[in-house]
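Just the heavy atoms: all of them, side chains too, but no hydrogens, waters or symmetry mates, feed the values below. A, B, ... follow the sequence lines: proteins, then strands. Residue 1 opens every chain.
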Amino acid sequence: MKQIKIPKLAVWKFTSCDGCQLSILDLEDHLLEIGQRIEIAYFLEASSRKVKGPYDISLVEGSISTPEEEETIHKIRKQSKFLIAIGACATAGGIQALRNFRDVAEFQKIVYPNPEYIETLKYATPISHHVRVDLELRGCPINKTHVLEVISALLIGRKPSLPHHSVCIECKKRGNPCILVSKGILCMGPVTSAGCGAICPAYNRGCYGCFGPSESPNLHAFISLAQRLGITNSTLIHALRSFNAFADSFREASIYLEASEES
Amino acid sequence: MEKPKKISLKVQALSRVEGEGALDIRIKDGRVTRVHLRIYEPPRFFEALLRGRPYADAPDITARICGICPVAYQMSAVTALESIPGFQPGDAIQNLRRLLYFGEWIESHTLHILMLHAPDFFGVDSVFDLARSFPEHIRDGLTLKKIGNALVSTLGGREIHPVNVRVGGFYKIPPKQTLTRHLDALQQGLEIAVRLFRWVTTFPFPDFERTYVFVSMDEGDVYPVFGTHLNLNNERKIPVQQFEEVFEEVQVRHSHALHSRLKDGRTYLVGPLARINLNHTRLSPTAQALIQEAGLTFPIRNPFQSVIARALEVVHALESSIETLENGDLEPDRPYEDLGEIAGTGMGCTEAPRGILYHRYRVAPNGEILEAKIVPPTAQNQACIEEDLYHLASQRVHLPVEQWARECEHAIRNYDPCISCATHFLKIRIIEEP
């Protein structure tokens, strides 16, 4: 990774809740220094200043869900040296990707009295389905310290250090008793990427998978264990189909479970 | 339809709002004929994707409607669902929920005052520019924002999309000493908030006033956050259950957000200005003293002064949180009540930082959500924003457009519009009709 002197940063938004870009503004202790060390060239949520590309770093929030977004993401890729997809929407489609399992026309009718006014795509998809992505930050929302880590790494010219193991490792480090094994509460920790700090088990609830699948998760073993603990397939399907429902391994597992339900 | 002729104008993209939208102003013969705030934030169909999910999922899923006020969504969701079996959380749970909510008010309001709104009053692009002119105020404000976020983190597990709220209570109650550890920071925050308020009252406010129908929650003697009734402009009070009988949502072609209005056709305003105008006598002592000191009179009818209302609410939220931490019950017997099967329909409404947020759920005997309805504050304010812009543009139309286009953007930001909620950047289009 090449070191960038005063990098030009752009922050882009697609279909999302703004939470991931707000995580940047939540870096209260570092925000003003970030403003001095990098040029905030395009960040509509924070500034009316718009500097033309190309940009050294583009942070992309949100999934692609409209015909216009499908075009815009290509323009952004062309202007960006290093493109980072941030958050569950940009890396896995987000909660709005639940429509991918259903009929979007039906969804439109439920929410809007005049669905014909609404332009939307059949699927809400991650950025990587459309353009080459250089790095992904996971989470719904992302962990703001990961943004700091990536920006620091790019400034120094080293590889960012981001977790790929499962939440279980963080949970053990935090000293939590395993709630899946000891209490039989469904916890997605064994198949979910670390990065949050195992918050949910620390708050007496099962991980709900908001950082998406860990590196090569063993979903087969996970599902068997859950079933042995008496967790129903329908509960498992809902757990797999939340904020990272369209991530490959979660998607395949939920489709598999749904098919076995029906047969 | 007549094809409008566009006058050539440098298009200004509106920034420092949450979400994407655009503003169209139509002018014919030197008069403003129509103003459309177009929200083209892509729809995400929350009300549809909730169908068939277990009711326990509602607080976590609806939180994702908005990254800036997730606590509000969680609070309205649990309030609505808990009303189905008639469950009322005890004082301790309610105190903890109010603390969590105040954490969000402090964080969200400070973010809006400093980062989104203040740059307008000084004609600069961002908080980074302000930091050069007012380094102390900005550092102060960031400290304040952090204090609010810390409260949310302790009670919720993290600042954005907290994980600890559940139907019936919380997953885990933080130990009392963990909570009271925030007291020093909150005291420091209160001093900062007082300075922030004094600074904000010196902002140069554009000369502009309108008459509004203000709507807030009503919580008796308490400055409203929760409550079972709505206060309509101090004219009458209605139970939350009648929300849909009094207000209606209309879909308009130019926007992905549904417009709300009173069924009698009037538009209404929700948010800090509405809350403060209807409930200022219920503010905390320091907030009251600041009202005297600044010589404020109510109702405040200049929407640009909503920033004053926000600053006062930050003072109130900090002082009330201190009071609750020092004297309130923070230790419920159980973290939550398992409500089990709760078939039926429930409505809940709470005060999000931007105004009242209404949820209604119909739940099946097996615990599945059959129907969900969510009315966010920005959708309710949209018609009011358009009216503000119509009147503002009408008063300024004789001036060169460059002079007032920026003022129109500013007028939109008065509402801290959360376009992600209501359904990403705003463009102002001025269309001159032949």
Side-chain angles (χ1 to χ4, degrees), chain A residues 13-23 25-26 28-29 31-32 35 40 43-50 62 65-66 68-69 94-96 98-99 102 104 106-114 117-120 124 140-141 144 196-197 199-200 202-205 208 210 235 238 242-243, chain B residues 13-20 40-49 51 53-54 57 60-61 64-68 70 107 111 115-116 119 125-129 131 138-139 142-143 145-146 149 157-161 163-164 166 170-172 251-253 256 258 335 409 418 420 424-425:
Chain A
K13 178 192 152 64
F14 292 91
T15 306
S16 65
C17 80
D18 283 52
C20 290
Q21 44 178 324
L22 280 165
S23 304
L25 299 179
D26 275 352
E28 290 100 356
D29 292 340
L31 193 64
L32 297 179
I40 295 169
F43 185 3
L44 279 184
E45 175 99 33
S47 176
S48 303
R49 187 165 171 256
K50 280 170 288 175
S65 82
T66 67
E68 198 187 344
E69 289 184 334
I95 187 77
Q96 57 274 10
L98 285 180
R99 72 164 78 159
R102 307 262 282 279
V104 72
E106 198 56 45
F107 270 30
Q108 270 168 293
K109 268 187 252 164
I110 291 172
V111 181
Y112 297 98
N114 300 93
Y117 299 172
I118 307 293
E119 267 201 0
T120 192
C140 182
K144 61 183 180 183
C196 66
I199 306 168
C200 286
Y203 277 78
N204 290 340
R205 68 179 294 192
Y208 60 80
C210 74
T235 302
H238 283 308
S242 67
F243 311 104
Chain B
L14 192 77
S15 47
R16 287 180 277 123
V17 296
E18 294 101 30
E20 266 188 76
Y40 49 85
E41 177 80 17
R44 290 185 290 155
F45 310 110
F46 276 92
E47 286 152 317
L49 58 86
R51 290 191 180 186
R53 306 276 310 192
D57 285 357
D60 292 324
I61 290 184
R64 268 65 183 188
I65 292 174
C66 179
I68 199 167
E107 191 280 328
L111 172 85
M115 298 189 181
L116 311 182
D125 291 331
S126 74
V127 69
F128 303 104
D129 304 317
I138 302 305
R139 290 209 179 270
L142 288 167
T143 308
K145 188 172 171 301
K146 197 178 162 185
N149 267 336
R158 62 181 170 197
E159 301 99 325
I160 300 172
H161 305 327
V163 303
N164 195 22
R166 59 164 288 160
F170 287 93
Y171 286 94
K172 184 185 178 176
Q251 189 185 6
V252 290
R253 194 181 280 272
H256 287 178
L258 300 167
E409 287 187 40
C418 187
S420 302
H424 4 222
F425 63 92

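Contacts of Tyr171(B) with chain A are made by both backbone and side-chain atoms, with heavy-atom separations under 4.5 Å. Only the backbone of Ala202(A) comes within contact range of chain B, judged by heavy atoms closer than 4.5 Å. With a 4.5 angstrom heavy-atom cutoff, Ile138(B) touches chain A only via side-chain atoms.
Looking at residues two or more places apart in sequence or on another chain, you find a side chain to side chain contact (heavy atoms under 4.5 Å, CB included) between Lys144(A) and Ser23(A), Asp26(A), Leu27(A), Glu28(A), Glu159(B). Applying the side chain to side chain contact (heavy atoms under 4.5 Å, CB included) test to Cys200(A) and every residue at least two apart in sequence or in another chain returns Arg205(A), Tyr208(A), Val163(B).
Considering only heavy-atom pairs separated by less than 4.5 Å from chain A, the leading option among Asp57(B), Ile160(B), Asn164(B) is Ile160(B).
Panel note: side chain Arg53(B), backbone His238(A); a donor-acceptor pair is recorded below 3.5 Å. Distance alone, capped at 3.5 Å, places no donor-acceptor pair between the Lys146(B) side chain and the Asp29(A) backbone. Arg64(B) places a side-chain N or O within 3.5 Å of a backbone atom of Cys140(A) that can act as its donor or acceptor partner.
The CZ atom of Arg166(B) sits 10.5 Å away from atom CG of Asn204(A), with the distance rounded to the nearest 0.5 Å. Between the OG atom of Ser65(A) and the CZ atom of Arg44(B) there is a distance of 9.0 Å, given to the nearest 0.5 Å. Here the CZ-CG distance, from Arg139(B) to Leu31(A), works out to 10.0 Å after rounding to the nearest 0.5 Å. With rounding to the nearest 0.5 angstrom, the CG atom of Asp60(B) is 9.5 Å from the CD1 atom of Ile95(A). One finds the CE atom of Met115(B) at 12.0 Å from the OG atom of Ser47(A) (value rounded to the nearest 0.5 Å). A distance of 14.5 Å separates CZ of Arg51(B) from CG of Leu98(A), quoted to the nearest 0.5 Å.
Annotation for Leu32(A) and Ala131(B): closest pair CD2-CB, 3.8 Å, computed over non-hydrogen atoms. The nearest pair of heavy atoms linking His161(B) to Cys17(A) is NE2-SG, 3.4 Å.
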Q: Walk me through it: do Leu25(A) and Val127(B) pass the test side-chain contact (heavy atoms from CB on, under 4.5 Å)?
A: CA-CA 10 Å; Leu25(A) 299 179; Val127(B) 69; 5.8 Å; no
